[in-house]
Number of protein chains: 2
Amino acid sequence: MIKITIQEVAEKYDLSKDTLRYYEKEGLVGPIEKNKSGSREYQEADLERIEFVKCMRSAGLSIAVLKKYMRLYDEGASTKEARLKLLEKERELLKEKIDYMEDAYKKLNYKIKLYKENKI
Amino acid sequence: MIKITIQEVAEKYDLSKDTLRYYEKEGLVGPIEKNKSGSREYQEADLERIEFVKCMRSAGLSIAVLKKYMRLYDEGASTKEARLKLLEKERELLKEKIDYMEDAYKKLNYKIKLYKENKI
DNA sequence: ATACTACTTATAGTGTACTCCAAGTCAAGT
DNA sequence: ACTTGACTTGGAGTACACTATAAGTAGTAT
């Protein structure tokens, strides 16, 4: 059973300690266990959750959505359907965003091409 | 020579009138011409710029970056190199973001698959 | 004992991008 | 003449996601 400090988690995932505590306060992760002196001790399961949250945040899922998902998760098996619905909805939104971004990427590419061909 | 009201532009591009005025204040578009009574009259060139700005904003380019690009643009031909550099940098950042989002999309897909196979 | 470092909490502050509001102007319709 | 509706401005307010600060504690090194 591993035990990792907040500092180590912050370095491992390139998140600030403040952000990790903020995520915990918002219920996106944890609650994280504390040792006798009150410091957080992250465990394997916590790290998995943090990795998931970081990945989803970097994709633009909001704190509110992740909070809701985690709340449902903590409520147990009866919320499976709701969680699935939530994930599918977010997947749709993400798909749309990716499409927009790829469109913008193509436009940027085209504009850069024009610049390079001295047409601007 | 077309002349379009702010209302029509807002509807056409699904941006609020406040946002259009905000973009103008920040120098992302315009300055837009006004008629005798002080109302904005958007013209073709304005619309093209708005479309570009909207597209780039939806891809996550910041107001600050677009402002800088437009400022360079207004400074004339001598800033071509700087503009190209800026666009190439933003293209790189955009590429990274798309990669992150596609990774998240795959993870979401996988998770949804697990849910549907009743493995969660 | 003292200094140093890393942690804790609660709360305040920041940056970004809008979004809303108040007060006023203008043109058209009744 | 008066109301209605859409516009104008400057400035205040909001939402989101952190980020920083202050005050304190706990463990380690000298």
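Letters A, B, ... are given to chains in the order of the sequence lines, protein chains preceding strands, and every chain is numbered from 1.
If you measure from atom NZ of B:Lys54 to atom P of C:dC18, you get 11 Å, rounded to the nearest angstrom. One interatomic measurement links the two molecules: NZ of A:Lys17 to C1' of D:dC18, which rounds to 16 Å at whole-angstrom precision. Atom CG in A:Asn35 sits roughly 10 Å away from atom P in D:dT28 (whole-Å rounding). The interatomic distance linking A:Leu61 (CG) with D:dA17 (C1') rounds to 14 Å, in whole Å. Note: OH (B:Tyr22) to C1' (C:dC20) measures 15 Å, nearest angstrom. In this structure, the NZ atom of A:Lys67 is 14 Å from the P atom of D:dA15, given to the nearest Å. At whole-Å resolution of the value, CG in A:Leu20 and P in C:dC7 are 11 Å apart. In this structure, CD of A:Glu26 is placed 10 Å from C1' of D:dC18, rounded to the nearest angstrom.
Separating the CG atom in B:Leu87 from the CD atom in B:Glu90 is a distance of 8.0 Å, to the nearest 0.5 Å. Taken from CG in A:Leu84 to NZ in A:Lys89, the straight-line distance is 13.5 Å, to the nearest 0.5 Å.
Summarising the local packing, CD of B:Gln43 is surrounded by more than 12 heavy atoms from other residues, nucleotides or ligands at distances under 6.0 Å. Atom OH of B:Tyr13 has more than 12 neighbouring heavy atoms from other residues, nucleotides or ligands inside a 6.0 Å radius. Remark: A:Asp14 CG is loosely packed, at most 12 non-hydrogen atoms of other residues, nucleotides or ligands lying under 6.0 Å away.
The cationic group of A:Lys17 does not satisfy the cation-pi geometry with A:Tyr22, failing either the under 6.0 Å distance to the six-membered ring centre or the 45° limit from the ring axis. For B:Lys54 and B:Tyr23, the positive end is not near the middle of the six-membered ring at less than 6.0 Å and at most 45° from its axis.
Mapped onto DNA chain C by nearest heavy atom, A:Glu8 and B:Ser62 fall at different nucleotides, with A:Glu8 at the one closer to the 5' end.
The side chain of A:Ser16 sits closest to D:dT19 out of C:dC18, D:dC7, D:dT19. In this structure, the nucleotide among D:dT19, C:dC7, D:dT9 sitting nearest to the side chain of A:Ile6 is C:dC7. Ranking D:dC7, C:dC7, D:dA17 by closeness to the A:Ser39 side chain, first place goes to C:dC7. When each of C:dC7, D:dC18, C:dT9 is scored by its nearest atom to the side-chain atoms of A:Gln7, the top-ranked nucleotide is C:dC7. Out of C:dT9, C:dA17, D:dC18, the shortest distance to the side chain of A:Lys34 is found at C:dT9. Distance from the side chain of B:Ile63 is smallest to C:dA17 among C:dA17, D:dC7, D:dC18.
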Could you walk me through whether A:Leu28 and A:Arg49 pass the side-chain contact (heavy atoms from CB on, under 4.5 Å) test, one step at a time? CA-CA 8 Å; A:Leu28 271 53; A:Arg49 220 167 180 180; over 6 Å; no
Enumerate the protein-to-nucleotides 20-26 of chain D contacts in which both atoms are nitrogen or oxygen and the separation is below 3.5 Å.
| residue | atom | partner | partner atom | Å |
| --- | --- | --- | --- | --- |
| D:dA20 | N7 | A:Asp18 | OD2 | 3.1 |

Between the protein and nucleotides 2-5 of chain D, list every N/O to N/O distance that falls short of 3.5 Å.
none

Listing time: all N or O pairs from protein to nucleotides 1-4 of chain C that are below 3.5 Å?
none

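When heavy atoms are screened at a 4.0 angstrom cut-off, B:Arg21 is found touching base atoms of the nucleic acid. Contact annotation for A:Arg40: backbone-only contact, meaning every heavy-atom pair under 4.0 Å involves sugar-phosphate atoms and none involves a base. Looking at heavy-atom distances under 4.0 Å, A:Lys25 makes contact with a base.
At a cut-off of 3.5 Å, with distance as the only test, a side-chain donor of A:Arg83 or B:Tyr115 sits close to an acceptor on the other residue.
The pair B:Arg71-B:Asp74 fails the salt-bridge criterion, with no side-chain N (NZ, NE, NH1 or NH2) lying under 4.0 Å from an Asp/Glu carboxylate O.
Of the residues listed (A:Lys111, A:Lys113, A:Lys116), the one engaging B:Glu88 in a salt bridge (charged side-chain N to carboxylate O under 4.0 Å, His left out) is A:Lys116, and it is the only one.
B:Glu24 places a side-chain N or O within 3.5 Å of a backbone atom of B:Ile32 that can act as its donor or acceptor partner. Counting only distance, with no hydrogens or angles, the side chain of B:Glu33 and the backbone of B:Arg40 share no donor-acceptor pair below 3.5 Å.
Contact annotation: A:Tyr23 side-chain N/O to D:dC18 OP1/OP2 distance is under 4.0 Å.
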